[in-house]
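Read through the structure below, which is laid out as structure tokens, and then see the notes.
To find a chain, count down the sequence lines: A is the first, B the second, and so on, and within it residues start at 1.
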Amino acid sequence: MLLRLPKIGMEMTEAVVAEWLAEDGAVVAKGQALYEMETDKVTNEIEAPTSGRLRHIAEPGVTYQVGDPVAEIVEN
Amino acid sequence: MTTKGPDDTSLVQMFETMALIAATDDALRSAISAGSASLAYYSPRGQEAVAAGFSAALEPGDYLVTTYRGLHDQIAKGVPLRPLLAEMLGRAAGTGKGKGGPMHVSWPDVGLMLTTGVVGSGLPIAAGLAWAASRQGEGAGEAAGDGDVRVTVASFGDGATNIGAFHEAANLAAVWRLPVIFLCQNNGYGEHTAFADHLRVEHVAQRAAAYGMPGVTVDGNDPVAVYAAVVEAAARARAGGGPTLVEAVTYRLFGHVFGDRMTYVDATELEEAWKREPVARFRSSLVERGLLSDADAAAIEENCATMAVATLAEVLELPEPDADEVLRDVVAPMAPMAPREPVGPSQPQQEMSVRSAITLALDEALSADPRVVLLGEDISDNGVFGVTKGLAAKHGADRVRDTPISEQAIVGAAVGAALGGLRPVAEIMFMDFLGLCLDQLANHAAKLRYMSGGLTTVPMVLRTAVGGGLQVGAQHSQMLEAWLAHVPGLKVVVPSTPSDARGLLASCIADEDPCVFIEQVLLLSRKGAVDDTPVPLGVADVKRPGSDVTIVTYGRQVHDAIAVAESLAEKGIEVEVLDLRSLVPLDEAAVLESVSRTRRAVVLHEAVVTGGFGGELAAGISEALFGRLEAPVLRVGALAAPLPYARGLERLALPGPDRLLEALEWVMAYNG
């Protein structure tokens with residue numbers, strides 16, 4: 001499953017992927033915190049929408065637009 | 001009173017409902033996290049038991065009014081998942097064709113009459129639905145079963161119990177003994193503010209005492225407890241015992257809106273709340289009682305998850321609404337325009353006042369259509385201006401119904417009654433009091449047809465008086481029609497003669513959309529000939545023909561305009577007086593036809609010039625006829641001050657004949 005930068009809050013258009021909370025290549029469980037994203041307004045932890053092996057796409061510290069690919073979870 | 005508990009089949013069905021709610025919530029949150037769905041999402045996770053319990057206690061035909069955290073209520077009441085999710089994602093296949101969104105789901109097939117995005121606003125509307133249900137004795141038979149009165153459930157949160165709409169609706173429902181259940185889903189927070197920080201009472205249910213209705217607090221994480229309380233409340237309502245406030249104490253497990261990090265919540269409190277999570281708890285209790293095996297329960301949950309995920313995936317592929325939807329469902333399609341020439345009176349003309357003409361129109365509507373009802377303050381006792389004189393005696397105090405002094409409840413009840421099939425005519429004593437009920441008018445009456453994609457409509461009339469010129473001060477005098485004309489979905493009508501008053505009011509009552517009918521008190525005693533020629537909305541009337549300049553006006557200023565026109569005729573200037581009669585819909589063709597002939601226009605109204613409807617008229621004329629105009633379009637109206645009390649100052653502030661004459665002379669003399 002391709003994970004894109006979610007839109008959280010009415011006015012969000014972009015965010016910085018601040019920090020990965022799960023390693024590249026790690027097996028993650030649905031609901032587990034994957035990464036932290038920061039907007040001008042708030043910092044959010046984004047949870048895994050499904051279980052599987054995580055592949056990072058986004059670089060920490062870089063600003064992404066809503067809808068940009070951030071990661072992939074390869075389901076078993 | 002003992003309540004029979006739900007049977008085994010119902011218990012399993014409740015679990016299935018809860019499982020489907022939790023699965024749908026999970027699918028939505030996952031899709032938002034993955035960036036495949038984008039919406040402001042208010043998760044009901046943790047409140048499944050309330051929805052499963054109350055819906056199991058209702059008949060299919062019973063009404064539900066819910067709020068933006070409403071997914072659980074909507075699923076439990078039986079809204080199909082596909083149109084529900086399609087609406088949440090703005091797809092054409094949504095309940096409202098994608099035009100309402102997640103906060104505005106209606107599905108009358110299962111009794112879901114309203115989802116509102118405004119905290120507390122659903123409660124007065126629920127009272128109106130209940131009034132309609134009790135009047136029609138319907139829900140009876142085919143819908144509610146056993147010939148019983150249809151019950152209306154208003155679902156809302158603890159935060160809503162601090163807004164005026166809650167108190168006005170609770171009081172009205174109690175005074176009128178309406179078949180309503182006020183179901184408070186107390187989830188511990190009003191947005192980000194904890195219960196203890198926004199209420200001083202221990203339980204919301206205590207507030208019921210203030211309105212003389214029973215109040216009960218139950219465990220909202222136990223569907224059986226909610227079921228029992230709602231069964232009892234529904235029985236009371238159907239038996240004519242009036243409303244009940246049921247408080248179901250539950251918990252909001254994922255905060256206010258998706259992305260809310262719940263930093264204001266104590267970690268231990270949240271941990272404890274998860275231990276009481278209702279779906280797992282109810283599953284265990286059914287397994288313990290031998291009603292389900294673990295495998296059965298797991299299969300139910302898996303089926304629900306599969307259905308939710310598959311439906312969401314399917315919906316994500318569906319198209320958005322077509323571009324031509326943008327202006328559809330604002331109001332009902334216009335009937336073909338009536339011929340401009342009157343068909344001629346079929347009855348002899350009668351001389352009567354505007355007041356009597358309005359009374360006559362109301363009387364005729366009440367006689368002709370059992371769906372027509374009147375509500376307002378003191379209306380059974382003539383009303384403050386005698387307009388409703390004799391109507392209660394003739395048609396019954398249950399159809400010409402006095403209300404508490406509760407403007408929000410009056411207009412909200414009218415909205416609900418209209419949603420429920422009545423043709424309510426509500427009265428707000430003075431137009432200046434619009435601010436007390438503008439949410440019901442502008443956010444609900446005006447928008448429900450559009451937001452539901454035409455599934456629900458609000459054929460109601462709001463009559464209101466304006467006391468300008470009577471020396472009654474700034475809070476009983478102001479013409480505020482521009483506020484209303486600015487809101488798409490509202491029709492705005494201002495009569496100037498007895499005949500127009502009668503005809504226009506009849507058209508408003510017959511109309512499929514909300515109409516505001518403005519009665520200028522200074523006009524009420526004005527007499528004129530009245531016949532039964534229909535006066536459709538959106539058809540202006542030339543009150544005096546002329547060839548040199550057009551005065552575009554409405555309401556009592558029509559008579560000032562005619563008087564000034566007569567005085568100018570003596571000087572050889574022929575002034576045309578065009579009476580708009582309705583501002584929305586606006587007879588643009590008549591305005592442009594007249595001004596393109598006279599090539600000069602003055603716009604006149606009683607309201608303050610700044611931001612007034614005259615600006616709209618002047619701009620419209622200038623845009624369409626710029627090259628043909630001999631002079632700029634002038635606006636004449638009240639000075640930009642609260643209307644003063646003292647006689648001389650009030651006269652100065654209002655637009656009198658002097659300022660109109662001055663404007664006409666300026667326009668006639670204009671020479672580049």
Subject >> Side chain, backbone, both or neither of L2(A) within contact of chain B (heavy atoms, under 4.5 Å) >> reply: backbone
Original post:
Taking all non-hydrogen atoms of both residues, which atom of S33(B) and which atom of I46(A) are closest, and how far apart?
Top reply: O-CG2, 3.8 Å
Original post:
Where do I8(A) and G259(B) come nearest, in terms of heavy atoms and distance?
Top reply: CG2-CA, 3.6 Å
**OP:** First locate atom CE of M10(A), then atom CG of L39(B), and finally report the distance between them rounded to the nearest 0.5 Å.
**Re:** 10.5 Å
Original post:
Within a radius of less than 6.0 Å around CG of D294(B), do more than 12 heavy atoms belonging to other residues, nucleotides or ligands occur?
Top reply: no
Original post:
When heavy-atom pairs shorter than 4.5 Å are enumerated against chain B, which of A48(A), G31(A), P49(A) gives the highest number?
Top reply: P49(A)
Original post:
Should we say atom CD of E75(A) is surrounded by more than 12 heavy atoms from elsewhere, each under 6.0 Å from it?
Top reply: yes
Subject >> Euclidean distance, S38(B) OG relative to R4(A) CZ, rounded to 0.5 Å >> reply: 12.5 Å
**OP:** Decide if atom NE2 of H486(B) counts as having more than 12 heavy atoms of other residues, nucleotides or ligands within a radius under 6.0 Å.
**Re:** no
Original post:
Which is it for S30(B) and E47(A) under the side-chain contact (heavy atoms from CB on, under 4.5 Å) test, yes or no, and what are the steps along the way?
Top reply: CA-CA 8 Å; S30(B) 293; E47(A) 296 178 353; over 6 Å; no
Original post:
Out of A31(B), A34(B), S36(B), A37(B), which one racks up the most heavy-atom pairs below 4.5 Å with chain A?
Top reply: A34(B)
Original post:
Quick check: does any side chain N or O of R261(B) sit under 3.5 Å from a backbone N or O of T43(A), one acting as donor and the other as acceptor?
Top reply: yes
Subject >> Residues, nucleotides or ligands: over 12 heavy atoms within 6.0 Å of E314(B) CD >> reply: yes
